[in-house]
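For reference, the structure is listed below as structure tokens.
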Amino acid sequence: MGSTSAENEGTGSAQNTGAGDNGTTGVGRRALIKRSAALGLISVPTMSFLSACASGGGDDDSGDNEGKTSDSNPFGVKEGTKLDVVIFKGGYGDDYAKAWEAAFKKKWGVTSVHTGTQEITGKLQPRFNAGNPPDIVDDSGAQQIPIDVLHKNKQLLDLAEVLDAPSADDPDKKVRDTLIPGTLDAGMQEGKVVALNYIYTVWGLWYSGKLFKEKGWEAPKTWDEFLAICKDAKSQGIGGLAHQGKYPYYINVAIMDLIAKKGGLDAMKAIDNLDPKAFVGSEAATEAIEAIYEVVEKGYLMPGTNGLTHTESQTRWNQYKAAFITSGSWLENEQLKTTPDDFDMKFLPMPPLTDSALPFEAIRAGSGEPFIIPAKAKNLPAAKEFMRLMLSKEWSTLFAKEANSLTILKDGVDPNVQLRPGTASTVDASKAAGDNTFRYLYTEWYSEMGTAIENASNELMAKRIQPKEWLKRAQTAVDKQAKDPASKQNRRD
């Protein structure tokens, strides 16, 4: 999302990061999605769309929505106005947003016009074109409008004013100072935060505690142990690894995690920084892609997984047809309807290759599910205040209750909230990882490059290309992106 999610699917784009489509045919989830997603899961919109976004205009009646500012009302929310809210209705649903909107109306007397949808591009493209966008948007899913595209066309509000406002919980602190360190990075474009990736997401492998107990398998801590379980699973008629074949964002979770773990943060940063040896000439990338291809060559993939959507693959995994699956932490909520009560969903950091720079406990973690405020939003005061309250303990807890996930707010969830087994296991993994966390940003910075790498992964998993060709295609995508002058504004130290 997560996400964008064909994620969360991003989410997203990768993340991305972010959650999926709850089974709707042809629409995926998350960067990071992520989905960050998360979460690079669709092609860059056509030039006709870009031109329209860049030139679209509309009557500015925002003055009708401006009230008096005060210490308790820093943006001047005006009672009796309306707030246009669009939420990606994927793995996290949209009940959490409805709870927020009810709280917002009670506090400020502002009525929300709510839209929950998976058709983000379909519903919002005409509105952006006409210069009449919503006030606040959860821009996630397979039909996410890429953040970098919106930013280049000056469609997004710089969120600095929101982040520098007093926290709703402690007026002596700025909002940005109440967030988990590093979680704002995924929403940055050319040095400005233009998207708030709201959900704290982890990415990696998932398995059934019940199945592992029945088979006598121990959660693997090395890649060799992972392969051994895949081999044993195959001998018993079970797939070793399932992946969401129609959305190769997900297999890139495994590929990119292996690269980062093998080569350390320098290998990860080389990709984000568009290094001429990010892939071709990288020992970490070479070993990682060869390791993934070994799973394909030895027949350890769940049969048919290359042709399935994310929810189809995940449902078969819920039916014990595969030992492992790759995903982000939106997975449990996305699969509530198909997961057996005794499945005992568990998260697992990606088992590292031999002599990896990062330990087993290291995880890809960060923010997914990007929320944006369009630059031409009609009710900017209410949109800014709504986002500020999203980063309060009250609203963070509302989210956890409704969506079974954590937010980027430090200690932002009431300890009395009971998380489900899979999500609880991600909390344990995050604590075990400590400072050994990493997060790619190319999925948010460069959607076209992300898509090209995913397309290469799709070909690799189908055995239509070999690892050497995958590396070549991935490097070509990096080199093409590096020629864009705007890319020089995005750099990781």
Side-chain angles (χ1 to χ4, degrees), residues 56-87 94 96-115 124 127-128 130-139 150-151 154-179 183-184 187-188 192-198 370-399 407-410 412:
D59 295 332
D60 185 3
D61 57 2
S62 57
D64 295 339
N65 295 316
E66 294 178 0
K68 293 182 179 180
T69 61
S70 65
D71 289 345
S72 60
N73 187 9
F75 304 118
V77 177
K78 186 176 181 180
E79 184 177 353
T81 58
K82 292 184 178 181
L83 184 70
D84 191 341
V85 182
V86 176
I87 300 295
D94 64 345
Y96 70 87
K98 293 176 181 178
W100 287 348
E101 291 159 18
F104 198 64
K105 183 177 182 180
K106 183 177 180 180
K107 180 176 177 62
W108 291 111
V110 173
T111 301
S112 295
V113 178
H114 177 95
T115 301
L124 297 192
R127 298 190 60 183
F128 273 104
N132 181 38
D135 296 311
I136 191 164
V137 181
D138 172 12
D139 182 26
L150 289 170
H151 169 70
K154 306 185 187 307
Q155 294 292 307
L156 299 180
L157 186 73
D158 182 346
L159 300 180
E161 188 178 357
V162 177
L163 298 171
D164 289 331
S167 162
D169 297 312
D170 184 354
D172 292 331
K173 290 184 178 180
K174 294 180 179 180
V175 169
R176 68 170 74 244
D177 295 330
T178 66
L179 310 181
T183 51
L184 291 176
M188 293 187 71
K192 298 178 180 179
V193 179
V194 296
L196 180 76
N197 283 39
Y198 183 71
F371 283 75
I372 58 173
I373 298 177
K376 293 186 177 181
K378 293 297 185 293
N379 198 346
L380 280 173
K384 294 174 187 176
E385 178 66 5
F386 192 89
M387 184 171 282
R388 186 176 80 107
L389 293 179
M390 284 170 56
L391 298 167
S392 67
K393 290 185 178 180
E394 177 190 353
W395 284 30
S396 180
T397 296
L398 282 174
F399 180 84
T407 74
I408 61 172
L409 187 69
K410 284 185 288 191

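The structure presented is a predicted model; accordingly, all values stated were derived computationally and were not measured.
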Would you say Lys378 and Asn65 make side-chain contact, with heavy atoms under 4.5 Å?
yes
Can you check whether Val113 reaches Val85 side chain to side chain, under 4.5 Å on heavy atoms?
no
Quick one: ring-ring contact (aromatic ring centres under 6.0 Å, His included) partners of Tyr96, sequence neighbours excluded?
Trp100, Phe399
Working to the nearest 0.5 angstrom, can you tell me the gap between Phe371 CZ and Ile136 CD1?
7.0 Å
When rounded to the nearest 0.5 angstrom, what is the spacing between OG1 in Thr111 and NZ in Lys105?
4.0 Å
Atom NZ of residue position Lys173 - does it have more than 12 heavy atoms of other residues, nucleotides or ligands inside 6.0 Å?
no
Using the side chain to side chain contact (heavy atoms under 4.5 Å, CB included) criterion, which residues pair with Asp164? Sequence neighbours excluded.
Ala160, Lys174, Arg176
Ile373 vs Val137 side-chain heavy atoms within contact, under 4.5 Å:
no
Do Glu66 and Pro381 make a side-chain contact, defined as non-hydrogen atoms from C-beta onward lying under 4.5 Å apart?
yes
One pair to check against ring pair (Phe, Tyr, Trp, His ring centres under 6.0 Å): Trp395 and Phe386. What are the steps and the verdict?
CA-CA 10 Å; Trp395 284 30; Phe386 192 89; 5.0 Å; yes
Distance-only, no hydrogens or angles: does the Asn132 side chain make a donor-acceptor pair with backbone N or O of Arg127 under 3.5 Å?
no
Glu385 versus Trp108: any side-chain heavy-atom pair under 4.5 Å?
yes
Within the 4.5 Å heavy-atom criterion, are Thr115 and Ile87 side-chain neighbours or not?
no
Kindly check if the number of other-residue, nucleotide or ligand heavy atoms within 6.0 Å of NZ (Lys98) is above 12?
yes
Ignoring hydrogens and angles, tell me if any N or O in the side chain of Asn73 forms a donor-acceptor pair with the backbone of Gly76 under 3.5 Å.
yes
Whether Asp84 side chain and Pro134 backbone form a donor-acceptor pair below 3.5 Å:
no
Pairwise distance OG1(Thr178) to CG(Leu163) - rounded to 0.5 angstrom:
9.0 Å
Under a 3.5 Å distance rule, please check whether Asp135 uses its side chain to pair with a backbone N or O of Asn379 as donor and acceptor.
yes
Check the pair Tyr198, Leu391 against side chain to side chain contact (heavy atoms under 4.5 Å, CB included), reporting the backbone distance first and the verdict last.
CA-CA 8 Å; Tyr198 183 71; Leu391 298 167; 3.8 Å; yes
Could I get the full list of salt bridge (Lys or Arg N to Asp or Glu O under 4.0 Å) partners for Glu161, not counting sequence neighbours?
Lys384
Can you find a heavy atom in the side chain of Phe128 that is under 4.5 Å from one in the side chain of Lys376?
no
Taking the side chain as everything from C-beta on, heavy atoms only, tell me whether Lys78 gets closer than 4.5 Å to Val110.
no
Identify the residue among Ser392, Ser167, Ser396 that makes a side-chain contact (heavy atoms from CB on, under 4.5 Å) with Leu409.
Ser396
Main-chain N/O of Glu394 paired to Thr397 side chain as donor or acceptor, under 3.5 Å
no
Any side-chain to backbone donor/acceptor pair from Arg388 onto Ala383? Under 3.5 Å, distance only.
no
